[in-house]
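First up is the structure itself, then whatever we jot down about it.
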Amino acid sequence: LGSRQGVIFGTGGFSMDEKLVSEHLPGPVLQTAAARTVTGDFHKLAKAMGCRFELMNKIWGCETYAEEFDGSNWETTTNILQMRGDSFFVVNGEGIRVYNEKGGYDKRVKVHWEKPET
């Protein structure tokens, strides 16, 4: 990892700031395991300083069971780090299987924001 005439920094997230989420992520974040203080403070500071941002459209997330989501926007037992059970598969709105249900949660969640080709 390197930089020429620049600075590379890594910082915490911004999932508790609805404005930053809508500006940078391809879809809504309905629930997060992040602390309520994860509001992108450093992102805002760097933006005010004129820093350029890259790769802000990525998320490290997991699915949740919509039927059990209580709207609290906080970590609950509905976060799915490993799919429950052995006899199911996940399909999109057209009934097409979209991923390996036993795959890593960080890879599965990306599928939900993929847009179908028109």
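For the single chain, residues carry numbers from 1 onward in sequence order. Values reported hereafter were calculated over all heavy atoms of this structure, with side chains retained and with hydrogens, waters and symmetry mates removed.
- Taking each heavy atom of A46 and F53 in turn, the nearest pair found is CB-CZ, 3.8 Å.
- Closest approach of D17 to K44, counting heavy atoms only: OD2-NZ, 2.7 Å.
- Linking Ile, Leu, Val, Met, Phe, Trp and Tyr whenever their side-chain heavy atoms come within less than 4.5 Å leaves Y99 and I96 in two separate clusters.
- Across all non-hydrogen atoms, the minimal contact from T39 to L20 is O-CD1, 3.8 Å.
- Looking only at side-chain heavy atoms (C-beta outward), H43 and H24 stay at 4.5 Å or farther from each other.
- Atom CZ of R97 has more than 12 neighbouring heavy atoms from other residues, nucleotides or ligands inside a 6.0 Å radius.
- Under the 4.5 Å side-chain heavy-atom criterion for Ile, Leu, Val, Met, Phe, Trp and Tyr, V91 and V98 are members of distinct hydrophobic clusters.
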